[in-house]
*Asks:* 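Pasting in a structure now, in structure tokens, and then I'll have a few things to ask.
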Protein chains: 2
Amino acid sequence: MTLRQDIHSSGIPVLCRSCEGRRRGICGALDPDRLAALARSSSRHKIEPGVELVGDCEAVNSYSNVLSGVVKLTKSLSDGRQQIVGLQFAPDFLGRPFKVESEISAEAATVVTLCSFPKAALERMVKESPELEHRLLKQALDELDAAREWMVTLGRKTASEKVASFLVMLALNIDTSVDSAAISASFDLPLTRADISDFLGLTNETVSRQLTRLRAEGVIRIENKRHVRVESVGRLEQRCGGRRPRQFG
Amino acid sequence: MTLRQDIHSSGIPVLCRSCEGRRRGICGALDPDRLAALARSSSRHKIEPGVELVGDCEAVNSYSNVLSGVVKLTKSLSDGRQQIVGLQFAPDFLGRPFKVESEISAEAATVVTLCSFPKAALERMVKESPELEHRLLKQALDELDAAREWMVTLGRKTASEKVASFLVMLALNIDTSVDSAAISASFDLPLTRADISDFLGLTNETVSRQLTRLRAEGVIRIENKRHVRVESVGRLEQRCGGRRPRQFG
DNA sequence: CGCGAATTTGAGTATGTTCAAACATTGTGG
DNA sequence: CCACAATGTTTGAACATACTCAAATTCGCG
């Protein structure tokens with residue numbers, strides 16, 4: 001059995017062997033030959049927090065897979081107000097197919113590793129492998145579901161419900177041991193208070209006050225400003241306003 | 001040339017001949033044979049305002065194209081708070097592929113005509129025609145862009161900016177003569193004040209007050225509560241908060 | 001005409017913002 | 001090693017925007 005696996009994996013490019021993108025991401029749609037072709041023109045990058053990956057109204061020449069870390073997608077108004085419209089985790093595909101120009105800006109929220117490839121390379125693959133387009137469609141629909149879930153949060157929830165919903169969403173996406181039945185969770189916040197407020201349509205002061213309140217009520221515990229320990233996922237979910245936040249990616 | 005066109009169109013099912021879905025919707029992806037196959041199992045419906053098309057948490061057995069009218073997609077919290085998360089206009093595709101259960105509820109906002117076909121029929125077509133999946137992906141990405149645009153509106157705009165943005169969006173989608181250079185626009189509101197408030201994350205009182213204000217300032221004119229005439233699209237856009245709302249579908 | 005529903009208008013209030021200051025935490029240079 | 005910025009976070013007090021509740025008004029329709 002180990003032998004067979006070795007033979008089988010011998011066709012897989014070294015770069016891709018241990019990559020999540022092959023299991024859950026779009027690369028799983030590619031046969032070894034196409035994967036090799038794509039791998040030849042792709043490269044890994046390590047990106048520091050705060051670095052802008054794609055500027056607003058900027059031409060986009062490459063796509064990427066997120067291999068680790070968190071990328072925030074933001075839109076801003078001309079007077080500086082900002083809204084985070086999406087978070088991307090591994091192994092999400094990053095980019096907007098079929099558009100020359102991005103209306104969104106993407107920025108590394110944490111240290112991020114990406115696997116990038118030229119726009120043209122992916123678009124050639126799409127023409128050859130229908131399964132690839134199928135995966136892109138699936139991710140787009142998942143992101144659409146997530147965006148709509150957050151529209152409810154932005155439009156109809158109170159500040160305290162917003163913060164609780166945000167924490168539950170993070171727990172589901174970051175602390176992989178958390179499923180619907182989990183009692184406690186533990187993770188590092190990938191966003192600053194200011195980022196969180198841009199995600200929830202609040203001010204950083206309000207976010208801070210709500211976190212303080214959750215801490216005072218014993219629902220969460222915060223260490224070093226960044227590390228969150230959710231003592232009771234159930235009690236946190238009760239504060240989300242009556243609809244369970246779904247997984248983001 | 002007329003002859004050739006006749007020969008060509010003779011393969012097109014009667015039901016589909018004058019349908020927008022063939023030009024701009026997903027049906028444009030199908031060759032005459034497949035179109036005929038789909039047409040055989042599809043049917044047109046006329047639906048009255050307020051009728052629920054797809055219930056929340058309900059199994060979905062069919063998909064549709066919107067042929068006319070406006071469909072609102074809503075999500076609600078358990079205590080009754082509601083948020084409209086999307087509006088669909090002709091010739092949008094209505095439905096969520098690859099999910100057995102909907103987490104969204106769809107309701108006719110105006111009189112709506114639909115062309116419906118069984119879930120299985122579409123899914124068979126998708127396997128056979130990659131171009132169909134391509135169109136679905138394109139629509140999903142457009143809806144995702146629209147959803148994110150509205151996240152900015154929900155999270156970061158004031159009540160008056162929200163209402164202005166909403167009116168501009170409607171003008172672009174309903175009054176087809178309106179493009180980016182149009183001076184004035186005119187259309188019937190497809191939504192009640194309560195619906196508009198569910199769309200913008202406001203109360204109906206606030207929506208009403210903002211409309212009154214726009215009217216008092218001479219930017220719009222309202223007849224019979226429902227018909228809106230935008231005197232100056234430019235002045236309305238100035239009130240949107242610095243980013244032009246994009247086309248919805 | 002008169003009923004019911006949707007809309008408008010008003011007054012008081014609450015939630016979240018704004019502005020300001022105090023308080024960590026981290027990294028830098030003396 | 002410590003002083004000291006620089007940045008991010010917390011806390012406080014005053015304020016504003018949009019909400020709530022209530023009543024008046026308009027519109028559509030039998």
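All values below come from the heavy atoms of this structure, side chains included, with hydrogens, waters and symmetry mates left out.
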*Asks:* Counting only heavy atoms not in A/Arg221 (residues, nucleotides, ligands), do more than 12 fall under 6.0 Å from its CZ?
*Replies:* no

*Asks:* Identify, between A/Leu191 and A/Arg156, the residue whose nearest nucleotide on DNA chain D lies closer to the 5' end.
*Replies:* A/Leu191

*Asks:* So A/Gly50, base contact, sugar-phosphate only, or nothing? Heavy-atom distance under 4.0 Å.
*Replies:* nothing

*Asks:* Kindly point out which of C/dT7, C/dG16, D/dT11 is positioned nearest to the side chain of B/Ser208?
*Replies:* C/dT7

*Asks:* Choosing from D/dA18, D/dT9, C/dG16, which nucleotide comes nearest the side chain of A/Ala159?
*Replies:* C/dG16

*Asks:* Has the side chain of A/Arg209 got a donor or acceptor atom sitting under 3.5 Å from an opposite partner on the base of C/dT18?
*Replies:* yes

*Asks:* May I ask you to decide if the ring planes of A/Trp150 and A/Phe199 are parallel, tilted or perpendicular, using 30° and 60° as cut-offs?
*Replies:* perpendicular

*Asks:* Between A/Asp198 and A/Lys162 (salt bridge meaning N to carboxylate O under 4.0 Å), is one present in this structure?
*Replies:* no

*Asks:* How many whole angstroms separate atom CG of A/Asn204 from atom C1' of C/dT18?
*Replies:* 11 Å

*Asks:* Taking any heavy-atom pair under 4.0 Å as a contact, classify B/Asn224: base, sugar-phosphate, or nothing.
*Replies:* sugar-phosphate

*Asks:* Check whether any side-chain nitrogen or oxygen of B/Thr192 sits under 4.0 Å from OP1 or OP2 of C/dA6, and answer yes or no.
*Replies:* no

*Asks:* Without decimals, in angstroms, what is the distance between A/Arg213 CZ and C/dT15 C1'?
*Replies:* 12 Å

*Asks:* Does the base of C/dC19 carry an N or O that pairs as donor and acceptor with the side chain of A/Glu205 under 3.5 Å?
*Replies:* yes

*Asks:* Compare the minimum distances between each of C/dT17, D/dT11, D/dA18 and the side chain of A/Thr203, then state the nucleotide with the smallest one.
*Replies:* C/dT17

*Asks:* Using atom CZ of A/Arg226 as one end and atom P of D/dT9 as the other, report the distance to the nearest whole Å.
*Replies:* 6 Å

*Asks:* Would you say that B/Leu73 contacts B/Val54 through its side chain, given a criterion of any heavy-atom pair below 4.5 Å between the two side chains?
*Replies:* no

*Asks:* For B/Glu161 and D/dT17, what is the distance between atoms CD and P respectively, to the nearest whole Å?
*Replies:* 12 Å

*Asks:* Return the 5'-most residue of the pair B/Ala194, A/Gln210 with respect to DNA chain C, ranking by each residue's nearest nucleotide.
*Replies:* B/Ala194

*Asks:* Can you tell me how far P of D/dC19 sits from CZ of B/Arg81, to the nearest Å?
*Replies:* 13 Å

*Asks:* What does A/Leu202 touch in the nucleic acid at a heavy-atom separation under 4.0 angstrom: a base, only the sugar-phosphate, or nothing?
*Replies:* sugar-phosphate

*Asks:* Regarding B/Thr212, tell me which of base, sugar-phosphate or nothing describes its non-hydrogen contacts under 4.0 Å with the strands shown.
*Replies:* sugar-phosphate

*Asks:* Less than 4.0 angstrom from a charged side-chain N to a carboxylate O is my criterion; do A/Lys99 and B/Asp145 meet it?
*Replies:* yes

*Asks:* Whole-Å distance between C/dT8 P and B/Ile196 CD1?
*Replies:* 9 Å

